[in-house]
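Single-structure report; data block below.
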Amino acid sequence: MERRTLGAAALEVGAIGLGCMPMSWAYTTSEQIGENSLRTIHAALDHGATLLDTADMYGPFTNELLIGRVLRERRPDAFVSTKVGLLVGEQHIVANGRPSYVRRACDASLRRLQTDVIDLYQLHRADPEVPIEETWGAMAELVTAGKVRSLGLCAVGARALRRSAGAPIHETTLRQLQRIQQIFPVSAVQAELSVWSPEALTGLLPWCEARGVGFLAAMPLGNGFLSGTLTPGSGFEPDDVRARHPRFTAEMMAANQPIVAGLRRIAQRHGEATPAQVALAWLLAQGRHVIPVPGAKKQRWAVENIKAARLPLTAKDLQEIRALPPAQGSWE
């Protein structure tokens, strides 16, 4: 399995990671079955994935506890990434970047994950009430203390903070990166990037490439849409984020089918490939610093995703993907 490197820490991970969030948070609750999730994580590790991506807010806390059950048996096989900086209330999510909180949160994550060190500790969101330098400085102290190996930043993207008129979509994140890079090296940036959400290709991805910073491509399958397994109008459970997602109305899902059809045509030229694998292979073709982190709840999908690293797209394939129509439906 191909290996890729994360930033200044020179930590290696498999070409494709596993996003564990859907096992405990934001997606179809009826499919969040603990034993199935455990089997999915084990299968991903067995097939060459190493990066397990989570956050303390997923659940909240239950996703880290789930991964901890795996790490108790297989810590050497895994590269553990978790996040800090967001607190979940009954009806809201708030940022907390106070240094004292960051230290407490790290210790709590270590306990839940059943490990003595976190490979990549990411700031989920900057706290508007706390200078980001103070939050990042506290995270850097965790590296010095041996509790964390490297630091990363999650981007403020199209869904979380709409840009001002004419401003680059990741302008806020780029400013944050410039500031924190002066305090302690950034090893990875996590941001949404996929065939139907390519905004990070301009600005954010070049910033990472120029500095040798790893890029974790979040939602690389467009919340499942690019897999071609979702039917327009089939609906979602009320607690599924896609039930309120502007690109998952029946109308928009139907309008965006040409994107999936294009991926499927390319997949058919490669024999047993799937649209999801084509979408992930496209991301890998964007540079050696790009690491897709698709979410999965079932073994079948996790293994299929990991095998995308063996799918060599041709110049013709990449040209066809570039020519696909842009996704319809606003993120607002």
Side-chain angles (χ1 to χ4, degrees), residues 1-2 4 13-22 27 40 44 47-49 51 53 157-159 190-202 204-205 215-232 241-242 245 247-248 252-298 300-329 331:
M1 175 66 71
E2 180 188 353
R4 297 193 170 206
V13 297
I16 294 177
L18 176 64
C20 299
M21 179 184 73
Y27 289 82
T40 298
H47 284 80
L51 173 62
D53 186 68
R159 305 188 204 190
Q190 183 163 170
E192 181 172 10
L193 178 61
S194 70
V195 169
W196 82 340
S197 291
E199 293 86 359
L201 293 178
T202 304
L204 192 55
L205 199 59
F215 186 95
L216 305 186
M219 291 170 276
L221 298 179
N223 300 89
F225 181 81
L226 300 177
S227 69
T229 60
L230 300 178
T231 303
V241 293
R242 293 170 293 186
H245 194 308
R247 285 191 181 172
F248 282 92
M252 285 300 99
M253 287 181 70
N256 286 318
Q257 286 302 309
I259 300 174
V260 175
L263 296 176
R264 185 172 282 114
R265 283 194 303 272
I266 296 169
Q268 289 170 347
R269 291 205 296 265
H270 289 271
E272 299 297 320
T274 65
Q277 289 175 327
V278 173
L280 294 172
W282 173 81
L283 281 164
L284 293 174
Q286 304 310 306
R288 284 192 51 80
H289 57 299
V290 178
I291 302 156
V293 190
K297 298 185 292 290
K298 299 179 181 179
R300 172 187 173 186
W301 305 128
V303 173
E304 176 184 307
N305 291 340
I306 294 162
K307 289 182 178 179
R310 306 174 196 162
L311 178 62
L313 296 181
T314 66
K316 179 182 179 182
D317 296 334
L318 295 172
Q319 182 178 7
E320 286 189 21
I321 293 172
R322 284 194 297 271
L324 290 174
Q328 298 185 44
W331 288 127

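Only a predicted model underlies this, so the values are computations on that prediction, with no experimental measurement involved.
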Of all heavy-atom pairs between T40 and A302, which one has the smallest distance, and what is that distance? CG2-CB, 3.7 Å
Heavy atoms, side chains only, cut-off 4.5 Å: are L204 and F215 in contact? yes
Who are the side-chain hydrogen bond (donor to acceptor under 3.5 Å, both in side chains) partners of T202, not counting sequence neighbours? none
Parallel, tilted or perpendicular for F225 and F248, by the 30°/60° rule? perpendicular
Can you name the side-chain hydrogen bond (donor to acceptor under 3.5 Å, both in side chains) partners of E320, sequence neighbours left out? R269
Side chains of V241 and H245: does their closest heavy-atom pair fall under 4.5 Å? no
Is there side-chain contact between L313 and H270, with at least one heavy-atom pair below 4.5 Å? yes
May I ask you to test the V278-I321 pair for a side-chain heavy-atom distance under 4.5 Å? yes
Considering only distance and modelled atom types, tabulate donor-acceptor pairs under 3.5 Å from the side chains of residues 284-291, sequence neighbours left out.
unit_1, atom_1, unit_2, atom_2, d
Q286, NE2, W282, O, 2.8
R288, NH1, E2, OE2, 2.9
R288, NH2, R3, O, 2.8

Looking at A267 and P275, what are the two nearest heavy atoms and their distance? CB-N, 4.0 Å
About how many Å separate CG of D317 and CZ of R322, when rounded to the nearest 0.5 Å? 10.5 Å
Is the shortest heavy-atom distance from the side chain of Q257 to the side chain of P232 under 4.5 Å? yes
What is the minimum heavy-atom distance between I259 and A327, and which atoms define it? CD1-CA, 3.8 Å
Within the structure provided, determine whether N223 and R247 are in side-chain contact (heavy-atom separation under 4.5 Å). no
Nearest heavy-atom neighbours spanning I16 and A308: CD1-CB, 3.9 Å
